[in-house]
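Here's the structure, in structure tokens; my notes come after.
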Amino acid sequence: MTQTTTQAESRTEATAAASGANATERFQRDKKVASQVSQERVSTLATELITAAHDVIRRHGVTYDEYNALKAWLIRVGQDGEWPLFLDVWLEHVLEEVVNSDREGTKGSIEGPYYVPDAPELGSDATLPSREDEKGTPLLFQGQVRDLQGNGIPAAKVEIWHADDDGYYSQFAPGIPEWNLRGTVTTDEQGGFRIHTIQPAPYQIPTDGACGALIAAAGWHAWRPAHLHLKVSAPGFQLITTQLYFSGGEYVGDDIAQAVKPELVLEPRDGQVTYDFVLDPA
Ligand code: MBD
Ligand code: FE
């Protein structure tokens, strides 16, 4: 197989179960899960979580029908591989808020389920890998990585990944070349970078899996606004995981994952936008 997959050829259906399985596998492969969380911490957190559930059952007079619907749904989340999706959509934003509360630099946002480490190295003037007929509005995203004093940081790493014009991520939806719209950019002597890509489309939570079933049953919408994912890092600084959004875009004010912050909204002009990252010291 060559890398000449065209968008017309990549019509294989994207399914919740397939993207869920990929996200579950990536998590199990890449994330270092602490081998030991202290017994005291496990007991405190598990007790409070379970007690919160008891309170909900009492307060709302939950029935056996509702209890069994919950059981069936929880089983299905696992079967569809959608635990990463569920947790990142409905819980991660509060974790991010707690963990990054004392940072002074660029605001963080959630990582989500679709990060892949070790994307191709593209230098400081980068064009993200894309298909010959990649759809979407071209975007030149440029800026500088700085410290809290305003000094540029040379050789900082800017990892970027985002959905295509149909809202799909490479390695999680079928028929997209492996590293499509993913890359590792390195800042120049002044801390500057330029990234040529396309504007992503809003992302819809898969409708055919457990998370989609919850959304439909509750009458919610299933959308995240269009976004760029980023991890920015340099030796001697704290890595920041964040996202950038597009002013005026659909769902910017109504993200199902509640991960938008006003500081993270871009306003491109004539297909270009500048955004500078500020890193907190390690
Ligand atoms: C995404 O693209 C995403 O960024 C998050 C947080 C959850 C689901 C899909
Ligand atoms: Fe995303």
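Numbering of ligands and ligand atoms starts at 1, following listing order.
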Would you call R59-D55 a salt bridge at under 4.0 Å N-O?
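Salt bridge between R59 and D55, a charged N being under 4.0 Å from a carboxylate O: no.
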With a 4.0 Å cut-off, would you call K135 and D166 a salt bridge?
yes
Check L266, V265, V252 against F246 for a side chain to side chain contact (heavy atoms under 4.5 Å, CB included) and give me the one that passes.
L266
Considering the options L148, V278, L279, which one meets the side chain to side chain contact (heavy atoms under 4.5 Å, CB included) requirement together with E104?
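Going through L148, V278, L279 one by one, the side chain to side chain contact (heavy atoms under 4.5 Å, CB included) with E104 is satisfied by L148 alone.
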Short of 2.8 Å from the Fe ion (ligand 2), name each protein N/O/S atom, waters not counted.
Y169 OH, H227 NE2, H229 NE2
Verdict with supporting geometry, E96 and K261, side-chain contact (heavy atoms from CB on, under 4.5 Å)
CA-CA 12 Å; E96 189 281 321; K261 300 178 185 182; 2.9 Å; yes
Judged by modelled atom types alone, do T241 and K231 share a side-chain donor-acceptor pair under 3.5 Å?
yes
With ring centroids as reference points, do W161 and Y115 lie under 6.0 angstrom apart?
yes
Would you say the rings of Y169 and H229 are close, in the sense that their centroids are separated by under 6.0 Å?
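For H229 and Y169, the ring centres are under 6.0 Å apart.
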Let me see the working for D147 and F237 under side-chain contact (heavy atoms from CB on, under 4.5 Å), right down to the final yes or no.
CA-CA 8 Å; D147 65 17; F237 295 88; 3.6 Å; yes
Between ligand 1 and the protein, find all N/O pairs closer than 3.5 Å and give the distance for each.
| unit_1 | atom_1 | unit_2 | atom_2 | d |
| --- | --- | --- | --- | --- |
| ligand 1 | 2 (O) | Y169 | OH | 2.9 |
| ligand 1 | 2 (O) | H227 | NE2 | 3.3 |
| ligand 1 | 4 (O) | R224 | NH1 | 2.9 |
| ligand 1 | 4 (O) | H227 | NE2 | 3.1 |
| ligand 1 | 4 (O) | H229 | NE2 | 2.9 |

